[in-house]
Amino acid sequence: MNTYQRYLIEEFADDYHERTMSRRDLLKRAVLIMGSVPAGLSALAAVGCGGDDDDDTEEATQALGSPTTPATPEGSATPSASPTNAGAGVVTVEEGDFSFQGPASDLFGYLARPGNDAVHPRILVIHENRGLNEHTKDIARRYATEGFIALAVDLCSRNGGSTTDTARNTGFLGSADPDDLVADMLAYVDHLQGLEGVQADGIGVTGFCFGGGYTFETAVASPEVKAAVPYYGTARNVLSELATTQAAILVMYGANDSRITSEAEQVRAELEKSGRPFGIEIYPGANHAFFNDTGSNYNQAAAEDAWTKTLAWFRDHL
């Protein structure tokens, strides 16, 4: 397993143990992430979620042809009425889907910008492991209401773009070469820089879960990134390179999300070497995906405070 395959397999194994994901859905996602039934079962065994090989092999094979039930922690639900998405109707926002030619395929995304002619700072928004969805587009609109040009990327673009089949999206994201997705992120950086009405001094990046990991990746790979706010994403893949970043990085963690938050002190040690401003917020009582107000892990107090601090961070460093 590469870093992101293990990250995703561990996350879904946690969902299974917490009874928010069925065994069949767990098997299906593992097989799609790893590319075959044997590899998927081996990956589950490696994270302590193995079972009877014959039974699991049969069920995994059957699961590939069955519909997938969204996992509860980041699944779809009715958005809560919270200050994180308040005011969407107060400021005029121009928004819409778009595509452009990337390194190996068309790259898709969703752009939201304030509806005026002023020059604005720019931010890339990276989705969770289920692909670009309405929740992530809504986050882009929230940034636009706050005076930012926000481009929500679609890291499933090389697979034709995100679909409503979240297992398919996750399977692609897990099986993709991380270097390819970083190359796509750099293309999004270039595209955002070329838009009219953008502020000249650097780009901000933020992302959630899987997208939090690629926020770290992009902050390391691109000197154009001047500020980054990863939410509960793993830094394992670039931990030794964080000291080279040109970005001011504010890291958001949930205290109950021990699988990811256990990296906090290592991340702190490496960011201290960078010489750039950084911060680490660990929210008591908050779990993985605490910012997602369409999922059961949403923590209103943590999300509101994180949003306020995120906006301030981008305003200070862009």
Side-chain angles (χ1 to χ4, degrees), residues 83-85 87-88 90-95 98 109-127 136-153 182 184-208 211-233 235 238 241-252 267 271-272 274-281 291 303-318:
T84 52
N85 59 11
V90 176
V91 179
T92 300
V93 174
E94 297 176 354
E95 17 115 7
F98 70 93
Y110 177 86
L111 186 69
R113 59 192 305 160
N116 58 50
D117 295 329
V119 174
H120 299 282
R122 49 206 166 166
I123 292 174
L124 291 170
V125 182
I126 314 176
H127 53 73
T136 310
K137 292 179 180 181
D138 183 56
I139 293 173
R141 291 191 293 270
R142 297 177 202 179
Y143 276 109
T145 67
E146 296 290 343
F148 297 89
I149 295 174
L151 191 166
V153 308
V182 171
D184 289 347
M185 284 304 308
L186 294 179
Y188 282 113
V189 169
D190 289 344
H191 183 78
L192 188 54
Q193 286 190 114
L195 295 179
E196 293 183 0
V198 294
Q199 189 169 294
D201 298 337
I203 282 176
V205 181
T206 189
F208 306 85
Y214 276 92
T215 299
F216 282 118
E217 299 262 7
T218 309
V220 166
S222 175
E224 300 300 326
V225 175
K226 299 305 182 186
V229 185
Y231 279 69
Y232 34 82
V238 292
E241 300 172 73
L242 285 180
T244 69
T245 185
Q246 300 301 302
I249 300 181
L250 174 63
V251 191
M252 300 297 190
V267 169
L271 289 177
E272 285 177 345
S274 73
R276 298 289 295 139
F278 76 92
I280 293 178
E281 296 285 343
F291 188 80
E304 291 176 2
D305 188 75
W307 179 242
T308 299
K309 286 183 168 68
T310 297
L311 292 174
W313 191 261
F314 283 135
R315 286 172 176 148
D316 285 346
H317 297 290
L318 292 179

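In this chain, residues are counted from 1 in sequence order.
Side chains of Glu95 and Leu111 form no contact here, defined as non-hydrogen atoms less than 4.5 Å apart. The shortest distance between side-chain heavy atoms of His191 and Leu151 falls below 4.5 Å. Counting heavy atoms from C-beta outward, Val251 and Tyr232 have side chains that stay 4.5 Å or more apart. Thr206 places none of its side-chain heavy atoms less than 4.5 Å from the side chain of Pro230. The shortest side-chain heavy-atom distance between Ile149 and Pro114 falls under the 4.5 Å cut-off. Considering only heavy atoms from C-beta on, Leu271 stays 4.5 Å or farther from Arg276 through its side chain. At least one side-chain heavy atom of Thr145 sits less than 4.5 Å from a side-chain heavy atom of Val93. Between Met252 and Val229, some side-chain heavy-atom pair lies under the 4.5 Å cut-off.
Residues forming a side chain to side chain donor-acceptor pair (under 3.5 Å) with Thr310 (at least two apart in sequence, or on another chain): Tyr231. Ala312 meets the side-chain contact (heavy atoms from CB on, under 4.5 Å) test with no other residue; sequence neighbours excluded. For Glu272, the side-chain contact (heavy atoms from CB on, under 4.5 Å) partners two or more places apart in sequence, or in a different chain, are Arg268, Phe278. Among residues two or more places apart in sequence or in another chain, the side-chain contact (heavy atoms from CB on, under 4.5 Å) test is passed with Ala150 by Val125, Ala140, Tyr143. Under the side chain to side chain donor-acceptor pair (under 3.5 Å) criterion, Thr136 pairs with Asn133, not counting sequence neighbours. Here Phe314 pairs with nothing under the ring pair (Phe, Tyr, Trp, His ring centres under 6.0 Å) rule; sequence neighbours left out. Here Asp190 pairs with nothing under the salt bridge (charged side-chain N to carboxylate O under 4.0 Å, His left out) rule; sequence neighbours left out. For Tyr188, the side chain to side chain donor-acceptor pair (under 3.5 Å) partners are Ser157, not counting sequence neighbours. Scored by the side-chain contact (heavy atoms from CB on, under 4.5 Å) test, Thr244 finds Val220, Glu241 as partners (sequence neighbours excluded). Here Lys226 pairs with nothing under the side chain to side chain donor-acceptor pair (under 3.5 Å) rule; sequence neighbours left out. Residues that satisfy the ring pair (Phe, Tyr, Trp, His ring centres under 6.0 Å) test with His317, not counting sequence neighbours, are Trp313.
The backbone N or O of Gly202 sits less than 3.5 Å from a side-chain atom of Arg122, completing a donor-acceptor pair. At distances below 3.5 Å, not a single donor-acceptor pair connects side-chain atoms of Thr245 with backbone N or O atoms of Leu242. Of the possible donor and acceptor atoms, one in the side chain of Thr215 sits under 3.5 Å from a partner among the backbone N and O of Gly207. Of the possible polar contacts, one joining the Thr308 side chain to the Glu304 backbone as a donor-acceptor pair under 3.5 Å is found.
Smallest separation of non-hydrogen atoms from His120 and Gly147: ND1-O, 3.1 Å. Summarising the geometry of Ala221 relative to Pro223, their closest heavy-atom pair is O-CD, 3.7 Å, with the distance given to 0.1 Å. The two residues Val225 and Ala228 have their closest heavy-atom pair at CG1-CB, 4.5 Å. Gly211 approaches Ile126 most closely through the heavy-atom pair CA-CG2, 3.5 Å.
With rounding to the nearest 0.5 angstrom, the CZ atom of Arg142 is 6.5 Å from the CH2 atom of Trp307. Note that the CG atom of Leu186 and the CD atom of Glu217 stand 10.0 Å from one another [nearest 0.5 Å]. Interatomic distance, CD1 of Ile249 versus CD1 of Ile280, reported as 10.0 Å (0.5 Å rounding).
Ring centroid separation for the pair Tyr110 and Phe98 does not come in under the 6.0 Å cut-off.
Pairs passing the salt bridge (Lys or Arg N to Asp or Glu O under 4.0 Å) check and including a residue from residues 306-318, sequence neighbours excluded, read Glu146-Arg315, Asp305-Lys309.
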*Could you go step by step and tell me if Tyr214 and Val205 meet the side-chain contact (heavy atoms from CB on, under 4.5 Å) rule?*
CA-CA 9 Å; Tyr214 276 92; Val205 181; over 6 Å; no
